[in-house]
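Heads up, the thing below is written out as structure tokens.
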Amino acid sequence: MSRSSVFALVDVNNFYASCEAVFEPRLRGTALCVLSNNDGCVVARSKEAKALGVKMGEPWHLVRARVPGLIHRSSNYELYGDLSACVMRIAAQFAPHVECYSIDECFLELEQLQQIELAGELLELRTRIRAWTGLPVSVGVGATKTLAKLANDIAKGMPAGVFHWESLQGQERDRRLEQIHVSEIWGVGARLARRLTELGIHSASELAAADLARIRQHFSVTLARTAAELRGIACVPLVETVPVRQQVMVSRSFGREVMTYESLLESVLTFLARAAEKLRAEGLAAQQLQLFVSSNAFREDHVQYVGGKAVALPAPSNDTLELASAAAAALRSCYRAGIRYKKAGVLLRGLVVTPLEQGSLLDNLRRRRLRERLNTAVDAVNERYGRDTVRLAASGIDREWGMRRANVSPRYTTRWEEIAIAHAR
DNA sequence: TCTGGGGTCCTAGGACCC
DNA sequence: TCTGGGGTCCTAGGACCC
């Protein structure tokens with residue numbers, strides 16, 4: 001990283017809510033909430049819903065009772081993922097170095113231009129994203145990623161939607177930092193904020209001024225970096241290449257409680273098939289499978305149970321059938337009768353990059369080749385005709401445990417057949 | 001009745017080795 | 001009564017992010 005570069009954080013405003021409004025314009029200007037799986041919690045809110053006091057993560061059944069007149073949509077990740085990719089592609093046209101940080105945010109590393117010139121570039125970026133995708137973005141600029149984040153918060157409140165931290169003069173900058181509570185800083189959550197305030201550090205300006213060795217000693221190297229970044233010392237580099245992931249997890253809460261072993265097995269095998277598909281899509285194989293099941297922690301009147309089992313695989317695998325056998329064995333060892341299960345999940349770890357030829361001595365090479373071809377064919381069919389078109393019989397037909405998603409929008413950009421639904425609405 | 005899902009990094013402590 | 005030191009690897013748990 002050269003001294004003459006700056007970071008810009010491009011962030012889509014109210015991302016999921018904005019995606020819904022792109023294809024359903026009558027939603028613009030309404031108090032809209034997008035809900036998590038099972039329509040459980042609010043995970044995104046339009047500006048108008050925020051103004052009505054709807055909080056991130058609030059249970060939907062409480063919110064809808066408290067705040068009349070809210071509109072809601074179930075989450076539609078296929079749609080959001082596709083629009084996200086469009087935004088990232090456009091942003092990449094404006095900078096040589098880009099880090100896709102989350103589904104709705106990316107960091108750019110830019111040459112340190114004259115501020116006027118830079119502002120012009122970023123306004124153009126914002127206009128182009130708006131014109132090509134319909135989505136509103138805000139852009140914050142700073143000498144470090146942490147400052148770019150803070151600048152982005154300020155940009156959200158400005159008509160132009162672009163804000164450069166360095167545009168503040170020395171005194172004004174200090175005054176801003178004094179007004180920012182530590183809990184608003186990137187990397188400081190509720191716990192750290194509480195511990196910091198106990199030590200008398202309340203504002204961003206106090207954290208920036210704190211002794212780094214003391215922070216390092218009381219907390220961690222991560223928070224010491226954050227403090228340094230607030231001073232304008234860049235410690236958190238841009239991550240351009242997506243690192244090989246370390247684990248794949250697929251877990252869900254059920255639409256309703258499940259008691260039978262058969263239903264629980266259906267859910268576990270469904271999650272497992274999805275996880276194996278993710279492994280294959282990324283050219284990975286797992287050495288360890290971990291399974292977990294749990295009862296509904298919110299029901300104090302029920303017997304609570306959290307069970308889990310880790311299984312080491314004889315050789316790294318991404319074969320659905322082989323992993324399914326391991327998952328079924330794991331479930332047999334942690335299933336308890338009489339429990340009302342609410343959630344289950346599969347975690348694949350010890351990931352290695354395929355292809356791999358070592359295998360175990362007992363492995364039959366020919367059989368494995370056939371399995372590879374089978375998995376490839378299944379993935380191709382499911383890609384083309386929709387998830388779970390071909391699936392394990394043991395993963396269920398009726399799926400009484402399935403998710404509730406009462407109000408999901410069409411996948412406008414990735415499914416031809418759903419455009420007709422959109423038209424009929 | 002209804003309360004999400006999927007990740008990463010850091011640290012402390014135990015096991016083990018020489 | 002006294003009871004090494006230093007290194008690595010692994011795991012669990014805590015904290016954070018969106």
Side-chain angles (χ1 to χ4, degrees), chain A residues 9-17 33-45 55-66 72 74-77 80-81 84 99-107 145-146 149 152 182-196 215-226 235-237 239 242-257 267 271 274-275 278 282 287-288 290 292 294-302 308 310 312 340 342-351 403-407:
Chain A
L9 176 64
V10 180
D11 181 307
V12 183
N13 304 343
N14 315 321
F15 182 52
Y16 298 167
C33 296
V34 178
L35 310 182
S36 64
N37 285 332
N38 282 315
D39 294 345
C41 293
V42 175
V43 291
R45 306 150 292 159
K55 297 279 178 288
M56 177 72 175
E58 261 192 286
W60 173 237
H61 71 276
L62 297 179
V63 175
R64 75 188 312 177
R66 183 166 57 79
H72 71 286
S74 307
S75 41
N76 183 346
Y77 291 108
Y80 311 150
S84 170
E99 170 182 352
C100 299
Y101 174 68
S102 75
I103 192 162
D104 72 324
E105 288 168 81
C106 60
F107 285 103
K145 286 163 99 177
T146 305
K149 274 271 197 185
N152 192 279
V182 283
S183 60
E184 297 169 59
I185 300 168
W186 186 44
V188 180
R191 299 292 182 95
L192 282 177
R194 208 183 62 221
R195 287 177 57 202
L196 281 166
I215 295 293
R216 169 79 183 83
Q217 193 192 345
H218 274 78
F219 299 91
S220 68
V221 65
T222 321
L223 190 64
R225 277 189 206 121
T226 298
C235 307
V236 183
V239 182
V242 185
V244 173
R245 66 154 102 215
Q246 302 175 23
Q247 58 183 47
V248 170
M249 173 150 72
V250 178
S251 77
R252 293 286 183 279
S253 296
F254 305 139
R256 60 182 194 207
E257 288 164 352
S267 73
F271 304 156
R274 179 83 193 103
K278 285 190 194 180
E282 297 180 32
Q287 295 172 287
Q288 193 201 61
Q290 222 168 299
F292 57 90
S294 64
S295 54
N296 188 345
F298 291 97
R299 292 295 297 264
E300 292 173 0
D301 52 333
H302 288 170
R340 306 166 81 101
K342 181 62 179 171
K343 184 173 181 175
V346 170
L347 188 57
L348 299 174
R349 317 177 68 166
L351 303 188
M403 267 203 287
R404 285 188 310 269
R405 289 168 88 203
N407 206 7

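Proteins get letters first, then strands, A, B, ... in listed order; numbering begins at 1 in each.
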Next on the checklist: So A:I185, base contact, sugar-phosphate only, or nothing? Heavy-atom distance under 4.0 Å.
Outcome noted: sugar-phosphate
Item to check | Taking every non-hydrogen atom, the tightest pair across A:V248 and A:K278 | outcome: CG1-CD, 3.9 Å
Checklist entry - Taking atom P of C:dG13 as reference, at what distance in whole Å does atom CZ of A:F292 sit? => result 15 Å
Next on the checklist: To the closest 0.5 Å, what do you measure between OH (A:Y77) and CD1 (A:I103)?
Outcome noted: 8.0 Å
Checklist entry - Which residues satisfy the side-chain contact (heavy atoms from CB on, under 4.5 Å) test with A:K55, sequence neighbours excluded? => result A:E58
Checklist entry - Roughly, in whole Å, what's the span from CG in A:N152 to P in C:dC17? => result 15 Å
Checklist entry - Taking atom P of C:dG13 as reference, at what distance in whole Å does atom CZ of A:R191 sit? => result 15 Å
Next on the checklist: Taking A:G255's backbone N and O only, do any of them form a donor-acceptor pair with A:R404's side chain (distance below 3.5 Å, no angle check)?
Outcome noted: yes
Checklist entry - Shortest non-hydrogen contact from A:R245 to A:L351? => result O-CD1, 3.7 Å
Next on the checklist: Does the protein touch nucleotides 3-11 of chain B at the base, only the backbone, or not at all? Give it as B, S and - per nucleotide, heavy atoms under 4.0 Å.
Outcome noted: BSSSSBSSS
Checklist entry - A:A44 near the nucleic acid: base, sugar-phosphate alone, or nothing, with a heavy-atom cut-off under 4.0 Å? => result nothing
Checklist entry - In whole angstroms, how far is the C1' atom of C:dC16 from the CG atom of A:L196? => result 13 Å
Checklist entry - Using 30° and 60° as the class limits, which term best fits the ring planes of A:H72 and A:W60: parallel, tilted or perpendicular? => result tilted
Checklist entry - Shortest non-hydrogen contact from A:S74 to A:A406? => result OG-N, 3.4 Å
Checklist entry - Which part of the nucleic acid, if any, lies within contact of A:I103, taking any heavy atom under 4.0 Å across all strands shown: a base, the sugar-phosphate backbone alone, or nothing? => result nothing
Checklist outcome for this item: In whole angstroms, the gap separating C1' of C:dC17 from CG of A:D104 amounts to 11 Å
Next on the checklist: Please give the distance between the C1' atoms of C:dG4 and B:dC17 as a whole number of Å.
Outcome noted: 14 Å
Checklist entry - Any side-chain heavy atom of A:L35 within less than 4.5 Å of one from A:V43? => result no
Next on the checklist: Within the 4.0 Å heavy-atom criterion, would you say A:F15 contacts the bases, only the backbone, or no part of the nucleic acid?
Outcome noted: nothing
Checklist outcome for this item: Separation of C:dC17 atom P from A:E105 atom CD, nearest Å, is 11 Å
Checklist entry - Roughly, in whole Å, what's the span from CZ in A:R45 to P in C:dC18? => result 13 Å
Checklist entry - When the ring planes of A:F107 and A:W186 are compared, do they come out parallel, tilted or perpendicular, using 30° and 60° as the limits? => result tilted
Checklist entry - How does DNA chain C look in dot-bracket notation if pairs are Watson-Crick or G-U with both distances under 3.5 Å, crossing ones as [ ], other-strand ones as |? => result ....||||||||||||||
Item to check | Distance, rounded to the nearest Å, where A:E99 contributes CD and C:dC17 contributes C1' | outcome: 12 Å
